[in-house]
**Q** 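For reference, the structure I am asking about is given below.
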Amino acid sequence: VLVRQKWHLDATLVLGDKIEIETWPSGVDRMAALRDFRVSRNGVEVGRAITSWFVLDVARRRPVRPPTVLTDLIAPDAEHVIQPPTQAIEALPAWTEERHFSVRYADIDLNQHVTNSTYVEWALEAANVETWTRSRLASLDVQFIAECTLGEQIASRAAQPEAGSWRHSMVRDEDQKEVARAVSHWVVR
């Protein structure tokens with residue numbers, strides 16, 4: 001189960017760009033297995049990412065220590081292109097922007113849960129129009145907290161603590177359960 005993804009993009013990518021993505025298992029951080037990514041265009045690195053994954057015992061719905069089941073996939077001394085996150089993203093105490101979404105069939109994965117890319121879309125949609133028209137997304141850190149399923153209603157909330165930076169929170173309407181948090185950084189185009 002994906003629990004965290006963090007990435008940096010150093011350049012604008014446009015439709016038609018041919019990119020190469022290199023990825024590798026890069027170790028364990030407490031209960032999470034890590035995977036790093038390097039993105040290149042024409043042989044030049046333009047982005048980096050790291051993801052954290054929990055391995056679950058499906059019957060008990062509990063995390064399992066990755067080395068006990070991923071022995072052949074754990075690379076203890078692998079290179080990290082981004083430092084693994086060491087702390088949870090802080091809760092969003094107040095917000096200035098809010099957008100509402102209904103979970104659609106197109107948002108669902110094979111396990112009948114919302115996909116990680118949908119959470120990202122919801123988070124970024126809450127940034128204001130000025131951010132979207134004057135800037136490009138440069139980095140994103142997303143922490144996945146709870147699952148969402150078909151038909152649920154989600155509020156995507158955001159606040160801009162400083163220029164070029166947004167904090168995000170996605171909340172399920174029916175029980176006000178926070179399902180994801182994110183921090184985005186934007187640079188002027």
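Scope of the values below: all heavy atoms of this structure, side chains included, with no hydrogens, waters or symmetry mates.
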**Q** Please answer whether the main-chain N or O of A91 pairs with a side-chain N or O of R167 as donor and acceptor at a distance below 3.5 Å.
**A**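 It does hold such a pair.
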**Q** Using a 4.5 Å cut-off on heavy atoms from C-beta on, say whether the side chain of R4 contacts that of K6.
**A**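 Not in contact.
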**Q** With the side chain counted from C-beta on, respond yes when V188 and R134 share a heavy-atom pair under 4.5 Å apart, and no when they do not.
**A**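 No. Closest side-chain heavy atoms not under 4.5 Å.
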**Q** Taking all non-hydrogen atoms of both residues, which atom of A126 and which atom of A158 are closest, and how far apart?
**A**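 Here A126 and A158 meet closest at CB-CB, 3.7 Å.
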**Q** Roughly how far, to the nearest 0.5 Å, is the CG atom of L137 from the CH2 atom of W7?
**A**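 The CG atom of L137 is 4.0 Å from CH2 of W7, to the nearest 0.5 Å.
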**Q** Quick one: do V114 and W53 end up in the same hydrophobic cluster if we chain Ile, Leu, Val, Met, Phe, Trp and Tyr together by side-chain heavy atoms under 4.5 Å apart?
**A**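 Per the 4.5 Å side-chain linkage, V114 and W53 are co-clustered.
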**Q** Decide whether V142 and L2 are clustered together by the hydrophobic rule: side chain heavy atoms of Ile, Leu, Val, Met, Phe, Trp, Tyr closer than 4.5 Å, transitively.
**A**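 V142 clusters together with L2.
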**Q** Please report the interatomic distance CG(N116) to OG1(T51), rounded to the nearest 0.5 Å.
**A**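 If I round to the nearest 0.5 Å, the distance is 9.0 Å.
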**Q** According to a hydrophobic-cluster definition based on side-chain heavy atoms being under 4.5 Å apart (Ile, Leu, Val, Met, Phe, Trp, Tyr only), do M31 and I89 belong together?
**A**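 Different hydrophobic clusters.
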**Q** Can you tell me how far the CD1 atom of I82 sits from the CG atom of L34, to the nearest 0.5 Å?
**A**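 Between atom CD1 of I82 and atom CG of L34 there are 11.5 Å.
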**Q** Give me the ring orientation class for F101 and W122: parallel if the planes are under 30° apart, tilted from 30 to 60°, perpendicular past 60°.
**A**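 The arrangement is parallel - the two ring planes meet at less than 30°.
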**Q** Looking at every non-hydrogen atom in both residues, tell me the closest pair between S165 and P161 and how far apart they are.
**A**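 That closest heavy-atom pairing would be O-CD, 3.4 Å.
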**Q** Side chains of R48 and D10, heavy atoms from C-beta outward: is any pair under 4.5 Å?
**A**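 The answer is yes; the side chains approach within 4.5 Å.
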**Q** Checking W166 against W186 for the side-chain contact (heavy atoms from CB on, under 4.5 Å) test, could you report, in this order, the C-alpha distance in whole Å, the side-chain angles of both residues, the deciding distance, and whether it holds?
**A** CA-CA 8 Å; W166 284 88; W186 303 69; 3.6 Å; yes
**Q** Spell out, yes or no, whether L9 and L140 are grouped together once hydrophobic residues are joined by side-chain heavy atoms under 4.5 Å, including indirect joins.
**A**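 Linked within one cluster.
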**Q** Check the hydrophobic clustering (I, L, V, M, F, W, Y; side-chain heavy atoms under 4.5 Å; chains of links allowed) and say if Y119 and L124 are grouped together.
**A**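 Same hydrophobic cluster.
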**Q** Verify side-chain contact (heavy atoms from CB on, under 4.5 Å) between V1 and E147, making sure each step is shown before the conclusion.
**A** CA-CA 10 Å; V1 177; E147 56 198 29; over 6 Å; no
**Q** Is there side-chain contact between T131 and Q160, with at least one heavy-atom pair below 4.5 Å?
**A**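 Of all side-chain heavy-atom pairs linking Q160 with T131, at least one is under 4.5 Å.
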**Q** Short question: side chain of Q153, backbone of D173 - any donor-acceptor pair under 3.5 Å?
**A**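 Between the backbone of D173 and the side chain of Q153 there is no qualifying donor-acceptor contact (under 3.5 Å).
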**Q** Side chains of K177 and I145, heavy atoms from C-beta outward: is any pair under 4.5 Å?
**A**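 Yes, their side chains come closer than 4.5 Å.
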**Q** Would a distance-only check, ignoring hydrogens and angles, find a side-chain to backbone donor-acceptor pair under 3.5 Å from N111 to H113?
**A**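 Looks like no, no N/O pair under 3.5 Å.
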**Q** Please indicate whether E22 has more than 12 foreign heavy atoms, meaning atoms of other residues, nucleotides or ligands, lying under 6.0 Å from its CD.
**A**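 Atom CD in E22 is crowded, with more than 12 foreign heavy atoms closer than 6.0 Å.
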**Q** Evaluate the side-chain contact (heavy atoms from CB on, under 4.5 Å) criterion for residues T149 and V103: first the C-alpha distance (whole Å), next the side-chain angles of each, then the deciding distance (0.1 Å), finally the verdict.
**A** CA-CA 7 Å; T149 57; V103 178; over 6 Å; no
**Q** For the OG atom of S40 and the CD1 atom of I21, what is their distance to the nearest 0.5 Å?
**A**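 Atom-to-atom, S40:OG and I21:CD1 are 9.5 Å apart.
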**Q** Can you list the steps and then say if R172 with I154 is a side-chain contact (heavy atoms from CB on, under 4.5 Å)?
**A** CA-CA 5 Å; R172 188 171 35 228; I154 303 298; 4.1 Å; yes
**Q** Checking S102 side chain against G151 main chain: does a donor-acceptor pair fall under 3.5 Å?
**A**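 Not a single qualifying donor-acceptor pair exists.
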**Q** Taking all atoms of both residues into account, what is the closest heavy-atom pair of D36 and H80, and its distance?
**A**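 Answer, listing the atom of D36 first, then H80: OD1-ND1, 2.9 Å.
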**Q** As an exercise, state the distance from NZ of K18 to CZ of R41, rounded to the nearest 0.5 Å.
**A**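 One finds 13.5 Å between NZ of K18 and CZ of R41.
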**Q** Within a reach of under 6.0 Å around CD of E45, are more than 12 heavy atoms found that belong to other residues, nucleotides or ligands?
**A**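 Yes, CD of E45 has more than 12 neighbouring heavy atoms, counting only those of other groups under 6.0 Å.
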**Q** Please check if the number of heavy atoms outside R189 that lie under 6.0 Å from its CZ is greater than 12.
**A**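 Atom CZ in R189 is packed in, count exceeds 12.
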**Q** Can you tell me how far CZ of F144 sits from CE of M170, rounded to the nearest 0.5 angstrom?
**A**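 Rounded to the nearest 0.5 Å, the CE-CZ separation comes to 8.0 Å.
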**Q** Looking only at non-hydrogen atoms, find the nearest pair between R38 and W24 and report the distance.
**A**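 Shortest heavy-atom contact: NH1-CH2, 3.7 Å.
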**Q** Might you point out which heavy atoms bring E98 and A155 nearest each other, and give the distance in Å?
**A**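 For E98 versus A155, the nearest heavy atoms are OE2-CB, 3.9 Å.
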**Q** Taking atom types as modelled, is there a side-chain donor on W95 or S169 under 3.5 Å from an acceptor on the other?
**A**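 No, no side-chain donor-acceptor pair sits under 3.5 Å.
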